[in-house]
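Notes follow once the structure below has been shown.
Values below: every heavy atom of this structure, side chains too, minus hydrogens, waters and symmetry copies. Here, residue 1 is the first one in the sequence, and each next residue gets the next number.
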Amino acid sequence: MSETNSEEAVQIPLLSGLPDDIALFCLARVPRRYHTLLKCVSKRWRDLVSSEDWVSYRRKHNLAESWIYVLCRDKADRLERACLYVLDPISLKRCWKLVPSLPDQCLKRKGMAFEVLGSKVCLLGGCGWFEDATDEVYCYDALRNTWNSGAPLSTARCYFACEALNEKLYAIGGVGSNLSNPHSWDMYDPSTNSWISHSDPNIVPDIEESFVLDGKIYIRCGVSSTMPSNIYAVVYRPSSGTWEHADKDLVSGWSGPAIVVEGNLYVLDQSSGTRLMMWEKKSREWIAVGRLSPLLTRPPCRLAAIGKSIFVIGKGLSTVVFDVSRAGNVGGLMVSSSIPRLAGDDDVISCKVLSI
């Protein structure tokens, strides 16, 4: 056996003097913000920290840390470029950081969908001033800090809903001059790396909000020709693969961005100030949790959640954080903390959480 082959046959341990399983036990407990440094130690460490096995191990042993990714539109100039920011919520110096190298094709697009699947952040579809709706998909690999193109949508879409459910992506509704079926929706299966197109008469092109609750996808649409005087919302049940009209009581209070925390649905009502509402499943009614200080929030805001904490993120990434399990009120306002905003006045398009 040659000297080179002998070296390849003897695998260098992750940590000298320790079995690899014990070394992994130690390394997996290093905070996520230091993972970039771990990759610099050796090729083997880099390959480990960039692998899905690393993610699976940390999630299995409840070591995964959740960071918030926010898709924004920078309004510093007339171009209004898209940009992506990330927040480590448990860092001692909590601040928003720019994710570099957003694909050039996405910079000027509007109406893109934004979703997380596994360890990747995905930008889907969209359109431009001189560009019709596109089927392009770009994914940011948070493990490797790289952008790559993904499997294209079955249907080119713009201003549509996108949700992740049961390790699959769903692209629903939207507009585009080449959209042959306005009632269509697509499902992406990562095991085959492909999209499958479906159609349902209950889907309408104009989508405003969406969320996942109790294993079902809810979407709120624009005014329907069949129900012009009511809020129009439908729900997708994976067990039957069909869309149905959503419960009227639930839909009646769905007046803004929604988030699910430990199985409970919360909605941010921004019609008069900033008020958080919660859907009470037993009584089937909406109850007010409390109002947020107008000095801290900068509507329009979007929502993200980690554990029992809800993050209300507004213009310039102004961020208010509060724990719903300990939501208290002082003078009618909810007790919260805040994270410094950016110097600019970026509009927040969507917020997602990715755990590694």
Side-chain angles (χ1 to χ4, degrees), residues 66 68 70 89 113-116 160-166 168-170 172-173 185 202-203 207-222 230-240 242-292 297 299-314 319-329 334-336 348-355:
S66 298
I68 301 174
V70 176
F114 180 60
E115 189 51 81
V116 164
F160 59 103
C162 186
E163 291 290 348
L165 177 64
N166 299 332
K168 295 179 175 63
L169 283 180
Y170 294 79
I172 309 151
W185 56 281
N202 289 317
I203 297 293
I207 309 292
E208 295 181 350
E209 298 283 350
S210 63
F211 63 82
V212 173
L213 176 66
D214 297 333
K216 298 183 285 288
I217 300 175
Y218 290 78
I219 58 171
R220 192 185 75 207
C221 313
N230 299 313
I231 298 174
Y232 184 75
V234 292
V235 56
Y236 173 73
R237 302 179 184 277
S239 58
S240 62
T242 59
W243 294 86
E244 305 169 2
H245 292 285
D247 180 86
K248 291 183 179 179
D249 293 338
L250 184 151
V251 172
S252 65
W254 188 4
S255 56
I259 197 75
V260 176
V261 179
E262 296 191 329
N264 294 315
L265 175 64
Y266 296 86
V267 163
L268 192 67
D269 182 357
Q270 303 175 88
S271 58
S272 178
T274 309
R275 182 177 62 160
L276 188 72
M277 306 293 293
M278 184 183 82
W279 170 245
E280 178 56 56
K281 295 180 180 179
K282 292 183 179 180
S283 62
R284 304 200 62 75
E285 60 181 358
W286 289 93
I287 60 174
V289 178
R291 291 186 176 275
L292 295 170
T297 55
C301 303
R302 309 298 297 181
L303 300 178
I306 297 177
K308 297 179 181 180
S309 295
I310 292 181
F311 294 71
V312 181
I313 307 167
T319 307
V320 176
V321 189
F322 57 89
D323 188 327
V324 293
S325 67
R326 298 182 297 176
N329 291 276
M334 295 180 64
V335 177
S336 61
V348 176
I349 301 171
S350 184
C351 312
K352 299 295 176 180
V353 173
L354 190 153
S355 299

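Here the closest heavy-atom approach between residue Ser325 and residue Lys308 is recorded as OG-CD, 3.5 Å. Closest approach of Pro89 to Ile306, counting heavy atoms only: CG-CD1, 3.6 Å. Taking every heavy atom of both residues into account, Val289 and Met278 meet most closely at CG2-CB, 3.7 Å. The nearest pair of heavy atoms linking Pro257 to Gln270 is CD-NE2, 3.5 Å. Pairing each heavy atom of Val267 with each of Gly253, the nearest pair is CG1-O, 3.8 Å. Residues Val261 and Ala305 share a closest heavy-atom pair of CG2-CB, 3.7 Å.
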Test log, rule side chain to side chain contact (heavy atoms under 4.5 Å, CB included), inputs Val235 and Asp247: CA-CA 9 Å; Val235 56; Asp247 180 86; over 6 Å; no

Yes or no on side chain to side chain contact (heavy atoms under 4.5 Å, CB included) for His245 and Tyr232, after CA distance, side-chain angles and deciding distance? CA-CA 8 Å; His245 292 285; Tyr232 184 75; 3.3 Å; yes

From CA spacing to verdict: side chain to side chain contact (heavy atoms under 4.5 Å, CB included), Val234, Tyr236: CA-CA 7 Å; Val234 292; Tyr236 173 73; over 6 Å; no

List the steps, then state whether side chain to side chain contact (heavy atoms under 4.5 Å, CB included) holds for Cys301 with Val348. CA-CA 7 Å; Cys301 303; Val348 176; over 6 Å; no

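Rounding to the nearest 0.5 Å gives a distance of 8.5 Å between SG of Cys162 and CD1 of Ile217. Atom-to-atom distance recorded for Leu213:CG and Ile259:CD1 is 11.5 Å, nearest 0.5 angstrom. Between atom OG of residue Ser252 and atom CZ of residue Arg284 there is a gap of 10.0 Å, rounded to the nearest 0.5 Å. How far CD1 of Ile313 is from CD1 of Ile68: 5.0 Å, rounded to the nearest 0.5 Å. In this structure, CD on Glu285 lies 7.5 Å from CD on Glu280, to the nearest 0.5 angstrom. A distance of 6.0 Å separates OG1 in Thr297 from CG in Leu292, rounded to the nearest 0.5 Å.
Between the side chain of Asn166 and the backbone N or O of Lys168 there is no donor-acceptor pair closer than 3.5 Å. Panel note: side chain Trp254, backbone Gly256; a donor-acceptor pair is recorded below 3.5 Å.
No side-chain heavy atom of Val312 sits under 4.5 Å from any side-chain heavy atom of Thr319. Between Ile172 and Phe160, every side-chain heavy-atom pair lies at or beyond the 4.5 Å cut-off. At a threshold of 4.5 Å between non-hydrogen side-chain atoms, the residues Ile203 and Ile219 count as touching. With contacts defined as side-chain heavy-atom distances shorter than 4.5 Å, the pair Ser336/Val321 does not qualify. Under the 4.5 Å side-chain criterion, counting only non-hydrogen atoms from C-beta, Leu268 is in contact with Thr274.
In the displayed structure, Lys281 atom NZ is contacted under 6.0 Å by more than 12 heavy atoms of other residues, nucleotides or ligands.
Checked for salt-bridge contact, Asp269 and Arg275 meet the test: a charged N lies under 4.0 Å from a carboxylate O. The existence of a salt bridge linking Lys216 and Glu163 is excluded, since no basic side-chain nitrogen approaches an acidic carboxylate oxygen closer than 4.0 Å.
Ring pair Trp286/Trp279 is tilted by interplanar angle, where 30° to 60° counts as tilted.
Annotation: ring pair (Phe, Tyr, Trp, His ring centres under 6.0 Å) contacts of Tyr218 (sequence neighbours excluded): Phe211.
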